[in-house]
A.B. asks: 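The structure's right below; bear with me while I get my questions together.
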Amino acid sequence: MRFRQAIVAAMTDEMTADESVIFFGEDVAAAEGPFKTSEGLLDTFGPIRVRDTPISEMAFTGAAVGAAMMGMRPVIEIMFMEFLGVALDALVTEGAKMHYLSNGEYSVPMVVRASCGSGLGFGSQHSQTLENWVAATPGLKVVQPSDAQSAYSLLRASIQDNNPVMFLEPRILYAERGEVDTSLKMEIGKARILQEGSEATVVSLGNMVNVAREAIKESGLSVELIDLATLVPWDRQTVLSSVKKTGRLIVVEESPWSGGWGSEIVSYVASHAFSALKSAPFRITAPDVPVPYSGTLEARYVPTAINVALALKEAVKENKVPQPWWITEGVSK
Amino acid sequence: MRFRQAIVAAMTDEMTADESVIFFGEDVAAAEGPFKTSEGLLDTFGPIRVRDTPISEMAFTGAAVGAAMMGMRPVIEIMFMEFLGVALDALVTEGAKMHYLSNGEYSVPMVVRASCGSGLGFGSQHSQTLENWVAATPGLKVVQPSDAQSAYSLLRASIQDNNPVMFLEPRILYAERGEVDTSLKMEIGKARILQEGSEATVVSLGNMVNVAREAIKESGLSVELIDLATLVPWDRQTVLSSVKKTGRLIVVEESPWSGGWGSEIVSYVASHAFSALKSAPFRITAPDVPVPYSGTLEARYVPTAINVALALKEAVKENKVPQPWWITEGVSK
Amino acid sequence: MSTSLERRNSLKTSDSKTDEIACYERMLEIREFERRTNELFAAGEIRGTTHLCVGEEALNLGLATVLNPDDVIAATYRSHGIALAFGLSPHSVMAEIMGKSTGCAGGIGGSMHMCDSSVGVLPTSAIIGGGMPVAAGAALAFQIQKKKNVAVAYFGDAATNIGAFHESMNLAAIWKLPVIFVINNNVYGEYTRIDLSTPIEDLHIRAESYAMPHAKLDGMDIYAVQSGMQEAIDRARRGDGPTLIEAKTYRFSGHSRADQALYRPEGELEMWQKRDPILVTEQALTKKGLLDTAKIEEMKAKAVATVDAAIVQAKSDPEPTAKDMFSHIFTSQKVG
Amino acid sequence: MSTSLERRNSLKTSDSKTDEIACYERMLEIREFERRTNELFAAGEIRGTTHLCVGEEALNLGLATVLNPDDVIAATYRSHGIALAFGLSPHSVMAEIMGKSTGCAGGIGGSMHMCDSSVGVLPTSAIIGGGMPVAAGAALAFQIQKKKNVAVAYFGDAATNIGAFHESMNLAAIWKLPVIFVINNNVYGEYTRIDLSTPIEDLHIRAESYAMPHAKLDGMDIYAVQSGMQEAIDRARRGDGPTLIEAKTYRFSGHSRADQALYRPEGELEMWQKRDPILVTEQALTKKGLLDTAKIEEMKAKAVATVDAAIVQAKSDPEPTAKDMFSHIFTSQKVG
Ligand SMILES: Cc1ncc(C[n+]2csc(CCOP(=O)(O)OP(=O)(O)O)c2C)c(N)n1
Ligand SMILES: Cc1ncc(C[n+]2csc(CCOP(=O)(O)OP(=O)(O)O)c2C)c(N)n1
Ligand SMILES: [Mg+2]
Ligand SMILES: [Mg+2]
């Protein structure tokens, strides 16, 4: 099934299994979601549990917090991750802190689904991944699937989780197909080793996992590919073990060079597997620019398989840290 | 003068030098600022240029963007950094992208001043540093002074800058005194080497610079202390050169263990000064918890000079990466 | 020691006269509590910040008595009075303010963060507007669960200028949620008089933007609060949706901490002091023959003693330990 | 090639009859532009998304003619019509939509991000509510600079439920800013009819919450737009503060991209088509003897040719280069 259908399936299965799961967002009910990620939900579960909201992200995100505290399991959809910019307080400063501030008396089992990422020509205000807005929030989990299977399994796990979960869906994947075994469970906080390898470890997240997979193939090297899947709390153990085995770490990410999530991984590994490293760990990222609209430029914005493959070869064969393309090409510093 | 007076002085001097500088925020005019960071400004510059706003962070942050585009140089005060959670869009998604989206036709010379940090018993929703909300925003500069002098010089530089600047003021420093030479200029993007050393490089920001300074003294080691001062764009060159000289990097930060800004530094240095590193670079951070209110706990929340000193010794003398206290004490994983 | 629920229920017994006196007594307790809090703060025995509820006791008690313990309230940092009225003991509130492990939030929250799930006090928010959508969401849960409970969002006059107010009101109206938005219009937002930040006088008319019923009531008079609120609560329980209530009160103290409130126009405080909610209740009860001077003195002495005992106990209570700081980050169980 | 400013000024000459015809012609241009945009999108020649302005041409032109080129407008993603009306050439708008370096934002912005400082078109925002405080801020600058200029915030009906609307209105009112908030009430927000998200019918009454003057006007009639806006603009230039205007229009197209708008009640589109702004203008001008069938046909043909030429040119224009993506992140100079 398609990635977006995996979302629908996970929602359907959780709403069937648990009456307390409710769902709301802009145009998610009657219109079945701007990205068709809620096809059939209104029909199946009715207008009490599946609701369209006004354009009021602060109100409906905060409402999810309150409903979760009163025993429901709300899932909400933030159409584009950027829209959390008008509602961050409700999630990060209220929702994520309620369990703590209630001394454990209330829990906030809610999921904020948001589409993210570039590649579809939506321009600077509708194309970022923005993990950084939520990643340093004790009390909030952050999940990002990379294919239909993980979308299905991780969304179910997120809905079942008793804590607030930010569930980031790479928009470019919605139409992608993949096998989905609905009996397969995945745990939040567990990375997936997608392929084993001995010469380097590549850690990635979301759609960059697919870019990395292609790059590894292209490179012809023996590279271990880890889909982080959960960014908070991330699977330090799996990554560390892998790097201790391969001796090299490359993070491939869609976020900007400055401030992107990959630094967290490189930094931790540099601290805790230092002596195992055969060469310098590094990140391959987007440049420090807002996402450009032009198709030609947007295609260059995120790391490409070709670039990643070249970087992998440089890293493994020459123990080098490749410069980003904008530096080698002299278009920026 | 006190840190907060340095803020007042910088504001006064810029408002005197440039008529286009205006200032608004909650209770900044008649009441002269909740932290007395605008003493005398209303009296001196009058109610047209110095204004109290309603409690409407989204509106007045966005208004600063619009006023900046029309030739003013607005400075606004966000009383506690957390309040940007209701206004992030205006700064990050509008203000920081306007120059880009106008193809260079408009500029947005504005400064968002915000108090940040823990230590004063303000609890979970009024004590974070939250650099992560703004750090991955191409188009936005992020500055954080560590003493009265840098508060003065960097605020002036920020107001003179033609781009949006997030100016983070460690609240705990407001009452601290320090020498201020008003003729001293500091550049955004330049780190300050506060003391030279040969055995390790400590990189820090804001009030943690002071903690680090004390720790270094306490440790008796020869440690180079770098006050990053600007987080975006940070001074990669100064940090790299220092680490190449000392062979060790320790970042001391107030943000949480997961997602804090220090990873950016450790990651970059691990990538670009790998062979110069004598031992693993690491971070000393706050734990992954919301800031607790209790004075006893809050005192443990941020790195202390004693803890940092111990860590420095372990790092330099034993080439070890010390575990954070919550792990050694077994109170958390 | 009575529980929060018992203390709450003690305001609503089978005898309405007893209840009236109990409410008066609780108001005295709040007043005394805030007096001592202020003193302790000035003496440096409390850190951080505090926002006193002096002048708002009638509103606090009015809400506590018209709501049921299984209704919920999402209030603000200015919430000692709400907490005490809703049933929390002076000890658990004071211990919280002192950061002790026996505090209602284990000393983790502090003065701005009161909480007690047994009487529906949701963790109070220190962010303006933070609690409004949360209250709407709690009401949504009640609606879906087909419960008759209601949620109250309780906030200040100046908070009506934040975006969350607008969005929450609209959402509540379009979904007909059983939520009551209560503006505690105490005339000031921090150091700014409401008329300097807001171009209308009667804030409750903002409900018209959402075709929502609205009313103003005298927040200095507990009976006015009770009857004004009752209508809104009945509407909500009936399934007829939300209401915006504006309670006119006055902030007798400064905004927080050491604020001397020098920005107040001359005579304003004195004018409002004539309508001091405790005085108003005292007069009403005296008139009804339920109180006399002796009884009043006795009750005031009792409030002094109760609060003092709470402080003594809180002072000697243990601090939370480092482990407590890590206890409630993530939970494996659904609670609440 | 005329500049944006010349194209803008050509709508406001010394001869009002010429102007009326020029406006009609521009409306035809917008209509044809959107028709072709839709076609190109369907044919896969444009990526991303587009939001058409069909049905809103009278409002676009009304605003362009009552504002001066040194006034500013902060509009939304639905802004091809605003851009063209305000003076941008079909080529610079189409090139932007096609992501070419000759586009008004250098191909960096795309369909949702129009901009031209020479005629006061601030970068349009793709975030609901994003432009409202920005417009208020521009007005603040004008006020402080003692200029007589005004700023317009232009947004949709559904955008009146976002927090920024409330906050910006209140701020503008309390500071008496020369800003006009213009609701383009085209009945839908995405796929949702406004009455399903908003419990009132006349959105402009929300101005009462800020003691702000407000009015409704017929957005299908350029003369109604002009006269309704003029009063608001005069008020702002006089220093008497902001106004909320609700222009009633109808979104003849779907929300964006491939939306077929199947959610529309039967007959609704047809009803509104009778009030098609181009038809309305055509009839008015014909009645005044300024237009006849032949002239109309000629002008329509001209619009077709103009837009076609713009598309042909835009197609052959160069793509931006990698360097362009880095050109405008930080600036060393104050511009604008
Ligand atoms: C979003 C946000 N902005 C600003 C503040 C700072 N602040 C705390 S209380 C307050 C005044 C609130 O006034 P009001 O709503 O009237 O409530 P009162 O304090 O009078 O009870 C302000 C501005 C905040 N906590 N949150
Ligand atoms: C904060 C935010 N929330 C949601 C969206 C997604 N969105 C884009 S257009 C739109 C509908 C807006 O409707 P309206 O304001 O009536 O304007 P119209 O499109 O009809 O011109 C929505 C929900 C957004 N861009 N920003
Ligand atoms: Mg108030
Ligand atoms: Mg609309």
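A, B, ... follow the sequence lines: proteins, then strands. Residue 1 opens every chain.
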A.B. asks: Take C:Ile162 and B:Glu57 through the side-chain contact (heavy atoms from CB on, under 4.5 Å) test and state the conclusion after the steps.
C.D. replies: CA-CA 8 Å; C:Ile162 199 85; B:Glu57 279 83 1; 3.4 Å; yes
A.B. asks: Would you find more than 12 non-hydrogen atoms of other residues, nucleotides or ligands less than 6.0 Å from B:Ile327 atom CD1?
C.D. replies: yes
A.B. asks: Tell me, out of C:Ser327, C:Ser125, C:Gly107, who's got the most heavy-atom pairs with chain B below 4.5 Å.
C.D. replies: C:Gly107
A.B. asks: Of all heavy-atom pairs between C:Gly189 and B:Asp27, which one has the smallest distance, and what is that distance?
C.D. replies: O-OD2, 4.0 Å
A.B. asks: According to the interplanar angle, ranging from 0 to 90°, do the rings of B:Trp325 and C:Phe326 count as parallel (below 30°), tilted (30 to 60°) or perpendicular (above 60°)?
C.D. replies: perpendicular
A.B. asks: So which residue, C:His328, C:Met325, C:Lys323, ends up with the most heavy-atom pairs under 4.5 Å with chain B?
C.D. replies: C:Met325
A.B. asks: Evaluate the side-chain proximity of C:Ile108 to B:Tyr293: yes if any heavy-atom separation is below 4.5 Å, no if none is.
C.D. replies: no
A.B. asks: Tell me, out of B:Gly295, B:Ser127, B:Ser124, B:Ala30, who's got the most heavy-atom pairs with chain C below 4.5 Å.
C.D. replies: B:Gly295
A.B. asks: For B:Glu39, look at atom CD and say whether over 12 heavy atoms of other residues, nucleotides or ligands are found less than 6.0 Å away.
C.D. replies: yes
A.B. asks: If you look at every heavy atom in B:Ser294 and C:Arg47, which pair is closest and at what distance?
C.D. replies: C-NH1, 4.0 Å
A.B. asks: Mind running side-chain contact (heavy atoms from CB on, under 4.5 Å) on B:Gln125 and C:Tyr77 for me, showing each step along the way?
C.D. replies: CA-CA 11 Å; B:Gln125 296 181 328; C:Tyr77 49 88; over 6 Å; no
A.B. asks: Relative to chain B, which segment of C:Thr321 carries a heavy atom at a distance below 4.5 Å: side chain, backbone, both, or neither?
C.D. replies: backbone
A.B. asks: Let me confirm one number: the CZ-CG distance from C:Arg193 to B:Asp52, rounded to the nearest 0.5 Å.
C.D. replies: 14.5 Å
A.B. asks: Would you please say whether a donor-acceptor pair under 3.5 Å links the side chains of C:Asn161 and B:Ser56?
C.D. replies: no
A.B. asks: Go through the steps to decide whether B:His126 and C:Met112 satisfy the test side-chain contact (heavy atoms from CB on, under 4.5 Å), and finish with yes or no.
C.D. replies: CA-CA 10 Å; B:His126 280 60; C:Met112 301 203 283; 3.8 Å; yes
A.B. asks: Return the option, out of B:Ala29, B:Gly123, B:Pro292, with the maximum number of heavy-atom pairs under 4.5 Å with chain C.
C.D. replies: B:Pro292
A.B. asks: Among C:Ser111, C:Gly103, C:Ala158, C:Gly163, which has the most heavy-atom pairs under 4.5 Å with chain B?
C.D. replies: C:Ala158
A.B. asks: Measure distances from C:Glu319 to the heavy atoms of chain B and classify the residue's part below 4.5 Å as side chain, backbone, both or neither.
C.D. replies: side chain
A.B. asks: Where on B:Ile55 is there a heavy atom nearer than 4.5 Å to chain C: the side chain, the backbone, both, or neither?
C.D. replies: both
A.B. asks: In terms of heavy-atom pairs under 4.5 Å, which option from C:Gly106, C:Pro320, C:Ala164 contacts chain B the most?
C.D. replies: C:Pro320
A.B. asks: Is C:Ile127 close to B:Glu82 at the side-chain level, that is, under 4.5 Å between some pair of heavy atoms?
C.D. replies: yes
A.B. asks: Do C:Ile329 and B:Pro290 have side chains that approach each other closer than 4.5 Å (heavy atoms only, starting at C-beta)?
C.D. replies: yes
